[in-house]
Structures are given as C-alpha cells and as structure tokens.
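One structure is given here, and the rest of the page talks about it.
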Amino acid sequence: MNFLAYGVAGWICIVGLYGAIVSKNLIHLALCLTVIQSSTYVLLLSVGYRHHGTAPIYKGIRLGTNTVDPIVQSLALTDIVISVTVIALILALALDVHKKLGTADPDEVVELQG
Amino acid sequence: MTWLLPLPVAIPLLAAALVAAGDHVTPRIVQNAIAVLAPAAATGFSFWIMLETQHGLLIHWYGGWHPIGNLAIGIGFVGDSLGAGMAVLSCTLVTLALVYSLTYMRESSRLFDVLMLVFCGAMAGFSLTGDLFNMFVWFELMGVAAYALAGFKVEELGPLQGAVNFAITNTAGAYLILMGIGLLYARTGALNFAQIGHFLATHPSDRLVVVAFTLVLIGFLVKAAIVPFHWWLADAHAAAPAPVCVLFSGAMVELGLFAIARIYWTVFSGGLHAHQGDVRSLLVWIGVVTALVGAVMCFLQRHLKRLLAFSTIAHSGTMLVGIGLLGAKGLAGTANLILSHGFLKAGLFLAAGIVLLRLRDIDELRLHGAGRNLRWERALWFAAAIGLIGFPYVGVFVGHSLVDEEASGQGFAWVPPLLLVAEAVSAGAILRAGARVFLGWGPKRDPLLSWEPEESPPERSASVPLLLAVTTVTVAIGLVMSVIPGLQVRIENGAERFVDRSAYAARVLHAKSTPAPPHLPFAIEVAKPESWAYGIGAAVLAFAFAAAGLWYRRLPELVLGGIVRGLGPPVRALRAAHSGIIGDYLLWLTIGATVVGGAWAFSLR
Amino acid sequence: MTRRQIRGTIAIPVLGALGAFLYWGLSGLPPFGNYHGFYGHMVSILSLPQRHVTNAVTATVFDYRGFDTMGEEFILFAAVTGVVLLLRKSGEDEEGPPEDTVTSDALRLFGLLALAGGVLVGLWLAAYGLVTPGGGFQGGVAIASGFVLLYLTGSYLAFARRTSESALDPLEAVGAAGYVVVGLAALIAGLPFLANLLGPGKPGTLVSGGSLGFINWAVALEVAAANTILYKEFLEQYIVPIARGRKS
Amino acid sequence: MIATLVPLQATSLIFVALAATSVALCRNPLRQIILSGVYGLLLVVLFVVLQAPDVALSMLVVTTTAYPLIVLVAIARTRHGSKEEK
C-alpha cells in the first residue's frame with residue numbers, strides 16, 4: 001500500500017509513452033501527452049500527502065492542524081495550466097497538418113528527413 | 001543593485017502584452033519601436049547585471065520572501081557572471097533578430113513580435129533563476145513561444161512538421177524534468193537550487209537522487225539537442241524563418257546546456273561527488289558522439305538552413321564536452337564557445353535569410369553559382385564560416401582551446417583530436433556550400449546530398465542594406481570574441497565561482513558576503529603552442545573537407561570505391577534514422593533515457 | 001510489419017526497462033503519507049498570520065511562489081497567441097461567419113442564461129479564491145465556459161458578437177500586463193518585485209491578502225479572455241467550413 | 001472515518017491507473033476523448049481524496065470544458081476534411 005501511489009504514477013508515465021510511440025493520429029498523440037503529464041500530478045500530490053492531514057485551508061480549522069503540503073498543490077495547479085496550453089498548441093498544429101495533407105497520421109508527415 | 005534582476009524578464013513580457021493590447025489602436029511604428037526598444041533595454045540591464053556580478057552574486061527574492069532561518073520560502077533570482085552572460089547573449093540576439101525582422105517579416109502580423117518578446121523574457125528568466133520549479137516554468141514558456149514560432153509559415157508542410165516534432169519531443173522532455181523535480185522535492189522538501197544542493201551534500205545519496213538526476217538531465221539534453229535526443233532540432237531549424245533560427249541555434253539550445261551545468265554544480269555536485277568520474281565519462285562520451293554525428297549529417301545536407309542546424313548539433317556536442325569534463329576551465333571554454341558560436345551561427349542564418357530573399361531559393365545545388373554577384377553576402381558567409389573553424393585568435397578559438405586543455409588535463413587526450421575532426425567537417429560543409437553558391441565551384445549535381453523541400457521566400461520589399469548591416473554587426477561580434485581584452489580571464493574567473501557550490505549556498509541561504517575577487521587585468525591571453533597547432537590543423541582540415549565535398553569525384557577510383565564501401569552503410573543507416581517521424585523520435589528518447597539510466601544504475605549504485 | 005508495428009515491438013522491452021529504472025528510483029521515496037518537508041510546513045504556518053489568507057495553496061500560488069504564476073500566465077498568453085497565429089492565418093481565405101441555425105427564442109434565452117450563469121459562477125470562484133478553494137484560474141475558465149454554453153445552444157452569431165477579437169485580444173493582454181505592472185509597482189516603490197504593497201487585509205474576507213487581490217483579478221481576466229479566444233478559434237475551425245459546405 | 005480513507009485512496013488510484021491505460025491504448029480518437037473525460041473525472045476524485053480541493057477544482061473545469069471542446073472540434077474538423085477528399 002505504501003508504494004501503490006508512486007507505482008501508479010510511474011505506470012501512467014510508461015503507458016502514456018507507449019501510446020504516444022505507436023500513435024496513428026496526432027490528436028490521439030496529444031491526448032497521450034496529457035496522460036504522461038497526469039503522472040506528474042499524481043506523483044506530486046502523493047508525495048505531499050500526509051496521513052490524517054486535511055486540505056491546507058484554514059477556514060474553520062485551527063492553525064497548527066495537520067495539513068497536507070500546499071507547495072505540491074500549487075505546483076500541480078501550474079502544471080495543469082501548462083498542460084492545457086501545450087495541448088491546445090499541438091492540436092492547432094495537428095489541424096493545420098490535416099488541412100495540408102488530408103491526414104493526421106504522424107507517420108505520413110515526412111516532408112523533412114535525412 | 002538587486003532591483004536590476006527582474007528587469008530583463010519584466011520589460012520584454014510587459015512589452016509583449018502592450019504590443020498585443022494595442023494591436024487595434026496603436027500605429028505600426030509605435031509597435032515596432034516597442035518591439036525593438038524593449039529587448040534592447042533588457043540587453044542593457046542584463047549587461048549591467050553582468051558587470052555588477054564581477055563583485056559577487058546578486059540576489060533578488062521575489063515578493064520580499066527572504067529565507068527564514070536559512071530556509072528559502074520564496075523564489076530567488078541569483079545573478080552570477082555566466083548566467084548574466086547567457087541573458088546578455090539571448091537578449092542581444094532577440095534585439096538583432098527583431099531589427100532584422102522589421103522589413104524581413106513586414107507582412108507578418110504583430111503576433112510575431114509578441115512571441116519573440118515573450119521568448120526573450122523567458123530566456124532571460126531561465127538564465128537568472130535560482131529555483132528549480134521556476135526554471136521549469138521559464139523552460140515551458142520558452143518552449144511554447146518557440147513551438148509557435150517554428151510553425152510560423154503555416155502555409156507549408158515543412159514548418160508544421162518541424163513544429164510538431166519540436167513541440168512533442170520537448171514536451172515529453174519537460175515532463176521528465178517535472179518528474180525529477182517531484183522526486184527531488186520529496187527527498188529534500190525544497191525547490192531552491194542552493195537549498196536542495198545543501199540537503200543532498202549533507203545527506204547520503206541513493207538511487208532516488210540518481211534517478212532524479214537522470215530525469216532532469218535527459219529533459220535538458222533534449223533541449224540541448226544531444227544525440228540521441230537531437231532529432232527535432234534539424235526539422236525545426238530547417239523550416240523556421242531565419243530570424244527565429246537565430247534564437248534557436250544561438251541561444252535556446254545553449255540554454256539547455258547551461259541548465260545542465262547550473263543544475264549539476266548547484267544541486268547535484270555535492271551529493272554525487274563520489275560518482276563524479278562516472279558522470280564525467282558519460283557526458284564526455286555523448287558529447288563526442290554528438291559532435292561527430294552532427295558533423296557527418298551536416299556534410300550530407302544541401303538545404304542551407306538544415307546544414308547550419310546540423311552544424312549547431314556538432315557544436316552543441318563540443319560544448320557538452322566542455323561542461324561534462326566537470327572542471328572550471330572546460331566550463332569557461334564552453335561559455336566562450338557559446339558566445340562566439342551564438343553570434344557566428346546567428347550571422348550565418350541571417351545571411352542564409354538574405355540569400356533566400358534575393359535568390360528566391362535556399363538549396364545549395366539549385367543555387368549553384370547564383371550568388372556570384374552577392375559580394376557582401378559572400379564575404380559575410382566565409383568570414384563567419386572561418387570564425388567557426390577556430391583559427392588562432394578568430395571566433396571560437398579560445399573556447400575550443402580551453403575545452404581541449406581541460407580534456408587533456410583530465411586524461412581525455414583522445415577527445416581533442418575527435419573534436420577537431422568534427423569541427424573541421426562541419427565547418428568544411430559550410431565552406432563547401434558557400435563555394436558552390438557564391439563562387440560557382442564544383443559540379444551542379446551531387447547524389448550524396450539529401451533532397452529537401454523548397455521554402456517560400458519572404459517579400460521582396462525587404463530592405464537589403466538593413467539586413468546586411470544587422471548581419472555584419474552579428475558576424476563581427478562573433479569574430480572578435482577571442483580577442484576582447486580581459487574577456488577570457490573574466491569568464492575563467494566566473495566559471496571558477498560557478499562551480500563553487502558551497503560559496504553559492506552560503507551566499508544564497510545565509511546571505512554571507514563572498515570575499516572581493518582579485519582585480520582582473522584587461523589583456524589578451526597568449527595562446528599555447530598546442531592551441532596554435534590545433535587551430536591551424538582545424539583550418540587545414542576544414543578546407544580539405546570543403547574541397548573534398550566539391551570535387552570528391554576526381555579522386556582515383558580505387559580510393560573513392562574504398563571510401564564508399566567503408567563509410568557507405570553506416571552513413572546510410574545514420575541518414576535513415578533521421579526519419580522525420582515523431583514516433584521514432586519518441587522511441588529514441590525512451591531508448592536514450594533507458595541507456596543512460598541503465599548505465600548509471602550499474603555504475604553509480 | 002509496418003514501421004509502427006516494429007516500433008511498438010521495440011518499445012515494449014525498452015519501456016519495461018525504463019519502468020524498472022523509474023521503479024528503482026521511486027522506491028527511495030518516503031512511505032506514502034509520511035512526508036515531512038520543511039517548505040510546505042512553513043508556508044502552512046505562515047500564510048494566515050503573514051498574509052491573512054486562509055487558503056495556503058492560493059497564498060503559495062499568488063504570493064510565496066507568485067513569480068511562477070506570472071510565468072504561467074504568460075505561458076497561457078503565448079500559447080493563445082500561437083494558436084491564433086496558426087489557426088487564423090491558415091483560415092484567412094475563408095468567408096464570414098454563417099447565420100444562426102437556431103430559431104427558437106426559448107433556446108436563445110437559455111443560451112443567454114447559461115452565459116450569465118457561467119459568468120456568475122466564475123466570478124464567485126475567483127472572488128473567494130483567497131478564502132476557500134478556487135481562484136482566478138478556475139474562475140476564468142468557468143467564465144469562458146459560459147460563452148461556450150451560449151454557443152452550444154446554437155447562437156453562433158450571439159457568441160461571435162460577444163466574443164469579438166478587437167475586444168478580447170486587448171482584454172487578455174491587459175490581464176497579462178496587469179500581473180507585471182503589480183510586480184513593477186512594488187519595484188518602483190523600492191521593494192522587491194511583486195512585494196505586497198497594500199498590506200494583508202482582514203482574514204477570511206474578500207479583501208484579505210492586499211496586492212494578492214489585484215493579481216487574482218488580473219489572472220481571472222487573462223484566463224477568461226484567453227480561454228474564450230482559444231475556444232472561439234477552435235470552434236471557428238469547425239463551424240465556418242461546415243456552414244460554407246451547407247450553403248454551396 | 002479517517003480509517004476508511006486509505007482504501008478509498010487505493011481504489012481511486014487503481015481506477016486512475018486503469019483509466020490511464022485505456023486512454024493510452026485506445027486507438028479510436030472519438031472513443032479516446034470520452035475515455036479521457038472519464039479519466040479526468042477519476043483524477044478529480046483522486047485529488048479530492050488526496051486533500052487537494054484546489055487542484056481538483058482546476059482539473060474539473062479543465063476536464064469538463066477545455067479538453068473536450070478543443071479535442072472534439074479537432075476530431076470533427078479532421079473527419080470533415082477527410083470526407084471532402086474522398
């Protein structure tokens with residue numbers, strides 16, 4: 001049980017990478033990237049969790065109560081915003097590729113090589 | 001003087017927002033003025049910071065959150081000589097690129113200016129920050145602006161492919177960095193470089209530290225275009241507009257290397273001290289391989305910008321060797337190399353942009369002899385190419401000789417000759433392309449060189465004298481980097497302070513003032529005889545390779561056949577590996593990460 | 001075997017090895033639930049007395065690590081600029097917007113109500129960010145989704161009218177600039193960048209946190225405008241060509 | 001009550017891992033976006049049980065509006081374009 005959370009984070013990263021490597025569609029690939037990124041949220045929040053801790057919001061609770069780590073939560077918040085923006089950009093690129101080529105299969109985008 | 005530190009970041013970012021906000025109301029000339037003056041101001045302030053850091057580190061705690069009880073609770077910028085130098089380089093290149101774009105990219109909307117300004121602020125922040133997660137934020141900001149700029153010419157497929165490959169590989173690398181940050185935070189409870197470094201140095205290091213180091217290292221190696229993580233660079237550079245290539249090759253790739261040096265010396269050097277030898281051999285090895293692979297691929301290109309892009313990979317490998325030797329002298333060599341290479345490569349990209357503008361093409365063979373009348377462009381091209389060879393007291397010379405000295409001193413005597421060859425091959429390719437385009441030498445066909453798609457030229461209304469003036473200034477700065485009085489000794493002094501982890505931590509966490517540095521002279525260092533030999537040898541070899549590239553078919557049948565049989569298969573395999581397919585690149589990324597991780601799991605334990 | 005199948009076959013053992021390497025490192029982490037880092041602990045203890053902000057996460061996002069959030073806002077800003085660049089430019093030759101397909105007034109009214117609802121929820125989330133969970137980012141996204149609901153009820157023209165580029169682009173930029181201006185204002189006053197100029201305020205209320213309030217609203221503005229632009233650019237990719245196809 | 005939290009966390013972690021696997025291995029983009037919506041909601045639940053309401057709220061607004069919207073439009077647009085070519 002102690003390791004489950006970290007193991008899940010590692011697994012999500014690996015399976016997301018596999019999906020991205022064999023992806024047939026740039027949109028699909030973008031979603032696989034979000035999966036890889038979600039492994040970092042799971043890792044960060046699991047790291048900062050404390051048994052019997054409450055959320056770090058001092059409304060209605062006493063100062064000095066056992067709370068979970070607020071720093072990892074703020075990092076995860078930043079991370080979520082970054083994820084959305086990067087995915088939006090990659091999707092826009094995928095749309096443009098599709099307009100030019102009629103397909104979004106990354107294996108067929110071979111204009112530059114060698 | 002600590003109030004200076006936020007300015008190189010805040011000014012370009014504010015300017016970006018102002019240009020975007022005023023799009024529908026302010027006249028074009030005001031927008032242009034903001035777009036040029038803001039990075040110029042950022043350059044000026046970075047330069048001021050660099051001068052101030054001669055006397056010691058400058059620290060700015062955002063929001064006034066000074067460390068409490070020697071524990072950092074806020075984000076700090078820590079200006080040191082080398083970091084400030086990176087900021088100066090980045091901001092200067094942005095300024096030059098934006099002046100160049102005033103007429104070169106005239107029809108382009110203000111979106112171009114906005115993204116360039118954001119890019120400028122992100123690079124400055126990345127150079128100056130003293131906090132791990134903050135560095136990640138600037139890394140991503142730099143990335144987002146760069147992906148969009150790489151795909152700027154959306155009408156063509158090439159730029160889109162380049163941008164897609166660039167965005168996806170770098171994003172995957174960024175996630176690895178973030179996992180590494182998560183691991184480090186779990187172990188040390190800190191995000192400040194000095195704080196993490198202090199914790200790791202005072203506690204035993206185990207597998208978690210090794211894995212965290214690997215993840216962070218791989219992420220930055222992707223940005224630094226080191227084999228086998230380099231694939232994206234050539235695709236992105238070949239297709240992006242010339243002023244954007246200037247920033248990619250001149251500053252962004254080097255910032256990846258800078259980050260490796262920064263993270264190693266402030267965070268890991270204490271904890272991994274016992275394994276220093278393993279880290280050193282790994283970094284030197286992949287650096288040498290990168291230099292050779294980049295040089296060979298460079299020699300096989302006919303698309304001028306793609307050729308220059310592979311030359312950047314070759315130089316990036318050399319720079320990684322300088323950092324990977326884990327000595328102050330090698331680091332100083334890399335710093336010098338980054339400055340001179342940055343300006344010279346920028347000059348070459350700008351010259352290639354002018355060639356595209358005036359000759360409406362960017363292909364070496366199709367342009368055979370077409371540039372005979374472009375005297376000024378020809379002079380600039382060859383001057384910059386010779387600067388990149390490392391001829392004594394010209395261009396990259398001092399940087400290379402410092403890296404070579406460090407390598408020999410550390411017992412890596414086999415490294416300098418290989419770097420010499422890599423350098424000569426890549427410079428030879430640039431000379432060959434110049435000779436073919438501007439002099440009309442050599443045959444018009446060459447089956448050796450790979451085909452690349454055409455690129456649509458910019459509008460003819462661009463002001464050529466302005467473009468030439470900017471290019472001339474850029475090349476000139478690059479050429480004199482080895483003979484600026486006092487520069488070398490200052491960089492070496494800066495590098496020595498850069499690698500002193502405990503002094504850094506004492507200044508950042510305990511606000512201890514460092515002893516005043518010695519008064520440094522303004523003199524040009526006299527090069528050692530072996531440096532002379534290397535410089536001249538590189539020049540001879542480079543010209544030999546250029547000639548071979550032009551006239552290799554005149555070689556006797558026996559020799560040529562032997563070369564083809566010996567080098568043919570590996571070169572073909574290398575070329576086929578640059579497939580342009582993102583799935584392959586991601587697979588290479590995992591293979592590279594696994595190999596580096598596996599090597600360390602066995603040696604570092 | 002296709003290239004992709006070969007890749008997949010190689011990837012499985014390589015990823016297995018990478019996974020083993022990750023597992024090796026992750027097993028060095030402290031046991032789940034027993035984290036004892038000083039940083040989070042200090043921020044938890046300090047945020048209420050120092051900043052009068054009950055939500056320690058928001059205090060971290062906007063104050064202790066407020067500079068990160070400035071970078072994050074510009075990531076959003078740059079990404080939206082990039083999307084506009086990539087999508088607007090490639091669709092330049094297309095015609096103007098199509099007509100609304102919805103004729104029911106009731107549905108239109110529902111769309112407007114949905115917009116009003118999204119904006120209200122968004123404002124509420126943003127306003128109480130310093131006290132309870134929420135804040136400028138979450139509020140901004142909620143406001144933007146109000147505009148999307150307006151679109152989903154079929155009122156494309158109403159959506160386009162309320163989200164015109166000439167109004168949204170400056171709003172987004174003003175939000176982003178606002179963050180930098182708050183930072184620079186402190187610098188000009190002789191304090192560190194982003195230092196809290198206005199004092200901490202009263203805990204647990206809407207005016208707690210001083211400058212944090214300004215930053216919070218700048219972020220809400222930026223995020224709402226940026227997301228609306230983002231949705232608009234993407235929706236136009238879909239709606240304009242489809243409608244054109246229907247006409248011809 | 002606190003004692004039940006650990007099984008709750010374990011269950012949601014396992015569900016998150018399963019959903020991530022299905023999102024990554026699903027080959028059909030349209031099915032994938034539906035799965036990724038489910039995955040997002042499971043992450044929201046996980047964040048709540050890990051005592052991170054702010055992150056959960058962010059993930060909620062992102063996963064219910066931003067992702068589905070832009071991804072669905074992208075999918076629809078690519079389908080529409082492909083048909084025109086045939």
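Worth saying up front: this structure is predicted, and the values here are computed from it rather than measured. Numbered from 1 within each chain, the chains take letters A, B, ... in sequence-line order. Atoms considered below: every heavy atom in the structure, side chains included; atoms not considered: hydrogens, waters and symmetry mates.
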key: Rounded distance [0.5 Å steps], CD1 in B:Ile73 versus OH in C:Tyr39   = 7.5 Å

task = Spell out the residues in residues 117-124 of chain B that have some non-hydrogen atom less than 4.5 Å away from a non-hydrogen atom of chain C, in order of number; otherwise answer 'none'.
result = B:Val118

query = Do you know which two heavy atoms are closest between C:Ser27 and B:Arg207, and how far apart they sit?
reply = OG-NE, 3.1 Å

ask   = Is B:Arg110 paired with C:Asp169 through a side-chain N to carboxylate O contact shorter than 4.0 Å?
value = yes

key: Smallest separation among heavy atoms of B:Ile68 and C:Met42, with atom names   = CB-CE, 3.8 Å

request  = Examine whether an atom of C:Ala186 lies under 4.5 Å from a heavy atom of chain B, and if so say whether it belongs to the side chain, the backbone or both; otherwise answer neither.
outcome  = neither

task = Evaluate the side-chain proximity of C:Leu187 to B:Leu7: yes if any heavy-atom separation is below 4.5 Å, no if none is.
result = yes

query = C:Glu172: what forms a side-chain hydrogen bond (donor to acceptor under 3.5 Å, both in side chains) with it, not counting sequence neighbours?
reply = none

message = Holding to side-chain hydrogen bond (donor to acceptor under 3.5 Å, both in side chains), I want the full list of residues that pass it with B:Trp138, two or more places apart in sequence or in another chain.
response = B:Asn134

key: Minimum heavy-atom distance between B:Ala10 and C:Val180, given as atom pair plus value   = O-CG1, 3.8 Å

request  = Side chain from CB out, backbone as N, CA, C, O: work out which of these in B:Leu586 comes under 4.5 Å of a heavy atom of chain C, or both, or neither.
outcome  = neither

inquiry  = Are B:Leu215 and C:Leu22 packed together at the side-chain level, in the sense that at least one heavy-atom pair is separated by less than 4.5 angstrom?
reply    = yes

note = Here the gap from B:Leu587 atom CG to C:Leu15 atom CG, rounded to the nearest 0.5 Å, amounts to 8.0 Å

ask   = Quick check, are the ring centers of B:Tyr185 and C:Tyr35 under 6.0 angstrom apart?
value = yes

query = Is the closest side-chain heavy-atom distance between C:Met70 and B:Leu13 below 4.5 Å?
reply = yes

request  = Search all heavy atoms of B:Ala148 against all heavy atoms of C:Leu85 and return the closest pair with its distance.
outcome  = O-CD2, 3.7 Å

query = So, does B:His60 use its side chain to make a donor-acceptor pair with the main chain of C:Pro192 at under 3.5 Å?
reply = no

inquiry  = Taking C:Pro30's backbone N and O only, do any of them form a donor-acceptor pair with B:Arg187's side chain (distance below 3.5 Å, no angle check)?
reply    = no

note = If one checks every heavy atom of B:Tyr147 against chain C at 4.5 Å, the contacting part turns out to be neither

request  = For each of C:Gly40, C:Ala78, C:Gly82, tally heavy-atom pairs with chain B at distances under 4.5 Å, and name the one with the top tally.
outcome  = C:Ala78

inquiry  = If you take the centroid of each ring, where Trp contributes its six-membered ring, are B:Tyr62 and C:Tyr64 closer together than 6.0 Å?
reply    = no

message = If you apply the rule side-chain contact (heavy atoms from CB on, under 4.5 Å), what do you find for C:Phe193 with B:Leu5, and how did you get there?
response = CA-CA 9 Å; C:Phe193 195 84; B:Leu5 284 166; over 6 Å; no

message = Counting only non-hydrogen atoms closer than 4.5 Å, does C:Arg3 touch chain B with its backbone (N, CA, C, O), its side chain (CB onward), both, or neither?
response = side chain

task = Mind listing the closest non-hydrogen atom pair of B:Ala20 and C:Phe77 along with its distance?
result = CB-CZ, 3.7 Å

remark   = With sequence neighbours left out, the residues meeting salt bridge (charged side-chain N to carboxylate O under 4.0 Å, His left out) with B:Asp131 are C:Arg65

note = Okay, C:Leu171 and chain B: the region with an atom under 4.5 Å from a heavy atom over there is neither

